[in-house]
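A note on names: the letters A, B, ... follow the listed sequences, proteins ahead of strands, and every chain is numbered from 1.
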Protein chains: 2
Amino acid sequence: MPQKDDFDLQNFLPYLLNQAAEESSLAFQQVYKDRYGMLRTEWRVLFHLGLYGRLTAKDIGARSKMHKTKISRAVQRLEERRFLTRAPDDADRRQEHLELTGQGRAAYRDLHGVAESYDQTLSVKLSAEEERVLRGALRKLARMG
Amino acid sequence: MPQKDDFDLQNFLPYLLNQAAEESSLAFQQVYKDRYGMLRTEWRVLFHLGLYGRLTAKDIGARSKMHKTKISRAVQRLEERRFLTRAPDDADRRQEHLELTGQGRAAYRDLHGVAESYDQTLSVKLSAEEERVLRGALRKLARMG
DNA sequence: TGTTGTTAGTTACAAAATCAACCGTTAACA
DNA sequence: TGTTAACGGTTGATTTTGTAACTAACAACA
């Protein structure tokens with residue numbers, strides 16, 4: 001027997017957010033998968049290194065909130081495919097500095113361009129005001145424990 | 001060498017949406033997992049049946065955009081745990097009508113309440129205007145192929 | 001120093017998601 | 001009707017994720 005009140009799944013923020021996130025990730029996902037055989041974790045690591053330069057896995061974890069095992073495996077695969085290199089830290093030999101190779105930077109630049117234009121095709125569906133508010137609200141929701 | 005332009009990961013809608021979705025799902029996930037040992041796919045099926053009553057797996061797929069194997073397995077588990085029952089369709093014996101049991105409805109009512117109040121604690125972080133625009137924008141993003 | 005605790009990152013194993021192939025049933029239509 | 005295609009749903013193999021336990025390195029401090 002269905003409930004009659006107004007609380008629909010479409011009104012439940014976590015659900016709505018998930019639907020929007022999945023739907024809006026699809027086309028971009030296709031690109032990094034087809035062009036570079038990457039997974040979501042991998043393009044995220046690639047983007048972090050492309051945007052911020054030399055980082056350790058720890059740094060990436062702090063910025064992205066990805067779990068360290070995800071990062072570890074993404075780094076492994078990116079290294080195997082020569083998108084990045086590792087360099088041990090002299091002072092603290094537990095850490096490794098990660099850096100994109102030429103190939104990595106090329107992939108990053110390519111995907112960065114795709115992302116940028118894809119983001120625009122998404123925001124076309126929204127008014128300027130809507131877009132502004134949306135981004136602000138998402139930031140608030142994203143960074144609260 | 002990091003790029004200098006303004007296209008940050010935090011400005012990329014699919015990324016932002018994912019971050020917000022993950023973060024905002026966490027606490028609720030904990031509830032249905034702890035109380036009923038359910039997975040995300042399972043509470044989704046539960047909610048669909050709770051909200052809309054008797055449905056086939058196909059219906060749920062159309063509404064939720066979950067892949068049919070996910071639904072099939074979620075239904076199996078929910079049936080095993082006596083949250084729902086299946087009834088074959090007389091006219092088309094490929095289909096099965098799914099319906100919550102008493103236990104299923106009880107779980108649904110419980111989680112429905114949790115979801116409703118959780119949704120409110122989330123929207124407290126936003127102004128009324130922000131919330132309105134956010135929901136509208138998310139709906140637009142969620143339902144475009 | 002030596003012991004204990006913590007940290008960065010990896011690995012092993014279980015749980016879950018994905019993908020393709022599959023089964024039985026219905027639809028299309030020659 | 002008979003044949004082929006499509007559909008609803010399930011299953012199995014492979015991939016990916018999640019969880020815990022682990023290794024090696026460092027830190028704190030007796």
Do the side-chain N or O atoms of A:R77 get closer than 4.0 angstrom to the phosphate oxygens (OP1, OP2) of D:dT16?
-> yes

Which comes earlier along DNA chain D counting from the 5' end, the contact point of A:R94 or that of B:D59, where each point is its nearest nucleotide?
-> B:D59

Looking at the side chain of A:Q95, which of D:dG9, C:dG9, C:dT11 is the nearest nucleotide?
-> C:dG9

B:H67 has a side chain; which of D:dG9, C:dC19, C:dA17 sits nearest to it?
-> C:dC19

Taking atom C1' of D:dA27 as reference, at what distance in whole Å does atom CG of A:D89 sit?
-> 15 Å

For the side chain of B:R93 and the base of C:dT25, is some donor closer than 3.5 Å to an acceptor across the two?
-> no

Atom CD of A:E96 to atom P of D:dC26: distance rounded to whole Å?
-> 13 Å

Short side-chain N/O contact from A:K68 to OP1 or OP2 of D:dC22, under 4.0 Å | no

Between D:dT10 and B:R86, is there an OP1 or OP2 to side-chain N/O distance shorter than 4.0 Å?
-> yes

Hey, can you tell me if B:Y52 and B:H48 have their rings parallel, tilted or perpendicular (30° and 60° cut-offs)?
-> tilted

Quick one: which of A:R94, A:Q95, A:H97 gives a side chain to side chain donor-acceptor pair (under 3.5 Å) with A:D89?
-> A:H97

For B:Q29 and D:dT17, give me the distance from atom CD to atom P, rounded to whole Å.
-> 15 Å

Does the side chain of A:Y15 reach to within under 4.5 Å of the side chain of B:W43, using non-hydrogen atoms?
-> yes

Short N-O contact, A:R135 and A:D119, less than 4.0 angstrom = yes

Assign each of B:R73 and B:K58 to its nearest nucleotide of DNA chain D by heavy atoms, then name whichever residue's nucleotide is nearer the 5' end.
-> B:K58

In terms of the angle between their ring planes, are A:F12 and B:F47 parallel, tilted or perpendicular, with boundaries placed at 30° and 60°?
-> parallel

Given C:dG9, is OP1 or OP2 found less than 4.0 Å from the side-chain N or O atoms of A:Q76?
-> no

Between P of D:dG18 and CD of B:Q30, the distance in whole Å = 14 Å

For A:K33 and A:A57, take the nucleotide of DNA chain C holding the closest heavy atom to each; which residue's nucleotide lies nearer the 5' end?
-> A:A57

Starting at atom CG of B:L55, determine the distance to atom P of D:dG8, rounded to an integer number of angstrom.
-> 14 Å

For B:T56, answer base if it contacts any base atom (sugar-phosphate contacts may also be present), sugar-phosphate if it contacts only those atoms, and nothing otherwise; contact means non-hydrogen atoms under 4.0 Å.
-> sugar-phosphate

Quick one: is C:dT10 close enough that its OP1 or OP2 comes under 4.0 Å of any side-chain N or O from A:S72?
-> yes

Within this structure, what is the CG-to-C1' distance between B:D90 and C:dT26, rounded to whole angstrom?
-> 15 Å

Hey, does A:A91 reach any base, or is it just sugar-phosphate, or nothing, if we go heavy atoms under 4.0 Å?
-> sugar-phosphate

Take atom CG of B:L39 and atom P of D:dT17, then tell me their distance rounded to the nearest Å.
-> 16 Å

A:M66 atom CE is separated from D:dG18 atom P, nearest whole Å, by 11 Å

Does the side chain of B:K70 get closer than 4.0 angstrom to OP1 or OP2 of C:dT18 through an N or O atom?
-> yes

Is the shortest side-chain N to carboxylate O distance from A:R77 to A:E80 below 4.0 Å?
-> no

